[in-house]
Amino acid sequence: MEYSLVCHSLYALWSSPVKKKIILLSIMFLIWVYMLYSCVGYCSTMPSLVVDSYRGRETGSAVGKRTENSRTDLVSRLLAKPQPWEDIESDYEEPSIKTAASRDLLNNELETDRADDWDEMRAEQLQQRAPEPSAMSSFSNGSGSKKLPQAIIIGVKKGGTRALLEFLRVHPDIRAVGAEPHFFDRNYENGLEWYRELMPKTLEGQITMEKTPSYFVTREAPARISAMSRDTKLIVVVRDPVTRAISDFTQTLSKKPDIPSFESLTFKNRTTGLIDTSWSAIQIGIYAKHLDNWLQYFPMKQILFVSGERLISDPAGELGRVQDFLGLKRIITDKHFYFNQTKGFPCLKKAEGSSKPHCLGKTKGRTHPNIDPEVVQRLRDFYRPFNMKFYQMTGHNFGWD
């Protein structure tokens, strides 16, 4: 009985058009209130998303207001961080200069090296393709971490350091910086974290490397590298010091054709035959003197000397020694090289991250000017005792005499 009365009352209420509209409006109002309540509850979580984003946590999208001061602080922090400075193979700076004329000349050499190096970088960029997906698959997802280098090519300028670095980068367990950081000679005040940021990401078992040839002749470099890590492995590419000096001069001459002749720069006094060791092209080749500085901080077993001459005549053989020194499997072999008759240098059949052959840039393999044989012989006589000392120190005869 009671059930029928209730049903009758509801039917009567719903049958009235006015009452029907009131009921529908009430239902719509309740739905609108519920949606508003839900929206307010969701929006109340937004500030925490903004904070999470600011702290460096990855969020899909965060919407919220920040004060002007917060934006200013964030921009200031970003701008305060030192930006990586890149320079390609602009090597030695003369530590002591006796005359204003030689100081101007060496300053010109430094500018020449930098211009020459940027030409080389541009040539490499034109020659090399973008890395193929398979070559960089380990890093495409951002895996790995940046580490301080475990091995450094520390010298010498015009010895073959660029060739060695390019050859080594073929090895899958080596990750190297293409540009020269010049951290231990020019940018040391930026700190190790700045230096670390320049390094590529590496996976477990891979070696991080860099090369800056001017380190070998920088007096402060051994102590600074030792302070970073006494276990750092060092590689020095050496070359007949007379040929190296002529190559050094040729590089400068290509950019500054009005410089004095090689002969006039070589001697303090041509009549007496006294060699001018203040000229960087001469001083770099006194390998024994520079090595003595390094041996005060590193044992000989942590230094490998690569022959610049054999790097040309037998690149696979020299690369085998380097891979052994680094504790890596000998993956780079004869099959990776072919000899370019035009340039007179070995080239890679496949460069890192590319399926095309790759030779060093146009700045490598310049034709040397003709030098008076008497001057060449005088230089050989000058370097001979230093070479003999260097052979004794390294336990290896490089055959330059």
Side-chain angles (χ1 to χ4, degrees), residues 89 91-92 113 151-168 180 184-185 209-219 221-222 225 232-251 275 277 279-326 344-346 360 364-365 368 376 379-401:
E89 201 158 341
D91 297 313
Y92 178 74
D113 286 351
I152 303 176
I153 301 174
I154 60 173
V156 298
K157 178 186 178 184
K158 308 309 295 180
T161 59
R162 172 58 58 184
L164 178 61
L165 183 72
E166 292 302 314
F167 296 162
L168 283 174
E180 294 175 6
F184 295 105
D185 58 349
M209 289 189 67
E210 72 114 319
K211 79 123 179 152
T212 304
S214 54
Y215 290 163
F216 188 63
V217 295
T218 300
R219 188 159 190 82
I225 295 177
T232 306
K233 293 186 176 182
L234 309 171
I235 300 175
V236 187
V237 187
V238 289
R239 180 184 184 187
D240 181 340
V242 177
T243 309
R244 197 221 65 81
I246 297 173
S247 179
D248 200 336
F249 171 79
T250 303
Q251 176 175 299
I275 302 295
T277 57
W279 184 25
S280 65
I282 300 296
Q283 189 174 118
I284 292 174
I286 309 176
Y287 302 140
K289 171 186 172 183
H290 305 303
L291 177 58
D292 187 60
N293 187 33
W294 286 90
L295 292 179
Q296 296 179 39
Y297 297 90
F298 291 93
M300 187 65 77
K301 66 180 181 180
Q302 281 179 234
I303 308 176
L304 178 70
F305 296 91
V306 174
S307 168
E309 287 82 11
R310 281 197 293 274
L311 196 58
I312 296 174
S313 62
D314 181 21
E318 286 300 282
L319 266 293
R321 294 179 59 242
V322 177
Q323 291 171 94
D324 292 344
F325 174 70
L326 296 175
F345 283 101
L360 297 179
K364 303 302 179 184
H368 290 181
V376 173
L379 273 177
R380 296 207 174 279
D381 295 340
F382 167 78
Y383 279 121
R384 186 171 293 108
F386 295 110
N387 291 344
M388 294 299 107
K389 178 65 175 176
F390 186 64
Y391 297 166
Q392 292 174 5
M393 296 171 76
T394 60
H396 188 80
N397 187 332
F398 289 89
W400 296 326
D401 298 289

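In this chain, residues are counted from 1 in sequence order.
Nearest heavy-atom pair across Leu311 and Gly160 is CD2-O, 3.5 Å. For Thr161 against Val156, the heavy-atom pair with the smallest separation is CG2-O, 3.4 Å. The two atoms that bring Pro222 and Thr218 nearest to each other are CD-O, 3.4 Å, heavy atoms only. When all heavy atoms are compared, the tightest approach of His290 to Gln283 is NE2-O, 2.9 Å. Pro346 and Phe167 get closest at one heavy-atom pair: O-CZ, 3.9 Å. Taking both residues in full, the closest heavy atoms of Arg321 and Val306 are given as NH1-CA, 4.1 Å, listed atom of the first, atom of the second, then distance.
Judged as a ring-ring contact (aromatic ring centres under 6.0 Å, His included), and not counting sequence neighbours, the contacts of Phe390 are Tyr287, Phe305, Phe398. In terms of the side-chain hydrogen bond (donor to acceptor under 3.5 Å, both in side chains) criterion, residue partners of Arg310 (sequence neighbours excluded) are, by chain and number, Glu318, His396. With sequence neighbours excluded, the residues forming a side-chain hydrogen bond (donor to acceptor under 3.5 Å, both in side chains) with Asp324 are Arg330, listed by chain and number. Shown here are the salt bridge (Lys or Arg N to Asp or Glu O under 4.0 Å) partners of Arg239, two or more places apart in sequence or in another chain: there are none.
Between the OG1 atom in Thr212 and the NZ atom in Lys157 there is a gap of 13.5 Å [rounded to 0.5 Å]. Note: Lys233 NZ to Met209 CE = 10.5 Å, rounded to the nearest 0.5 Å. Here the straight-line distance linking atom CG of Asn397 with atom CG of Asn387 works out to 9.0 Å at 0.5 Å rounding. Separating the NZ atom in Lys211 from the CG atom in Leu165 is a distance of 6.5 Å, to the nearest 0.5 Å.
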Q. Hey, mind stepping through Trp400 and Val242 against side-chain contact (heavy atoms from CB on, under 4.5 Å) and telling me if it holds?
A. CA-CA 9 Å; Trp400 296 326; Val242 177; over 6 Å; no
Q: Evaluate side-chain contact (heavy atoms from CB on, under 4.5 Å) for Lys158 paired with Gln251, printing each intermediate quantity in order.
A: CA-CA 9 Å; Lys158 308 309 295 180; Gln251 176 175 299; 2.8 Å; yes
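Counting only heavy atoms from C-beta outward, the side chains of Tyr215 and Val236 never approach each other to under 4.5 Å. For the pair Ile152 and Phe184, the minimum side-chain heavy-atom distance is below 4.5 Å. Ile153 is not listed as a side-chain neighbour of Pro213, based on a closest heavy-atom distance of 4.5 Å or more. Contact check for Leu326 versus Leu304: no side-chain heavy atoms found under the 4.5 Å cut-off. Proximity of Ile154 to Ile235: side-chain heavy atoms (C-beta onward) are nowhere separated by under 4.5 Å.
Taking the charged nitrogens against the carboxylate oxygens, Arg244 and Asp248 do have a contact shorter than 4.0 Å, which makes a salt bridge.
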Check residues 292-300 and write down every donor-acceptor pair under 3.5 Å in which the side-chain atom is one partner and the other belongs to a residue at least two apart or another chain.
| from | atom 1 | to | atom 2 | distance (Å) |
| --- | --- | --- | --- | --- |
| Asn293 | ND2 | Arg219 | O | 3.1 |
| Trp294 | NE1 | Phe216 | O | 3.1 |

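Judged by the 6.0 Å distance and 45° axis criteria, Lys289 is not positioned over the aromatic ring of Phe386.
With Glu309 contributing its side chain and Asp240 its backbone, the two residues share a donor-acceptor pair below 3.5 Å. Ser247 places no side-chain N or O within donor-acceptor distance of the main-chain N or O of Thr243, the cut-off being under 3.5 Å. Proximity of a side-chain donor or acceptor of Gln323 to a complementary backbone N or O of Leu319 within less than 3.5 Å is detected.
A salt bridge (Lys or Arg N to Asp or Glu O under 4.0 Å) check over residues 383-396, counting only residues at least two apart or in different chains, returns the pairs Asp381-Arg384, Arg384-Asp401.
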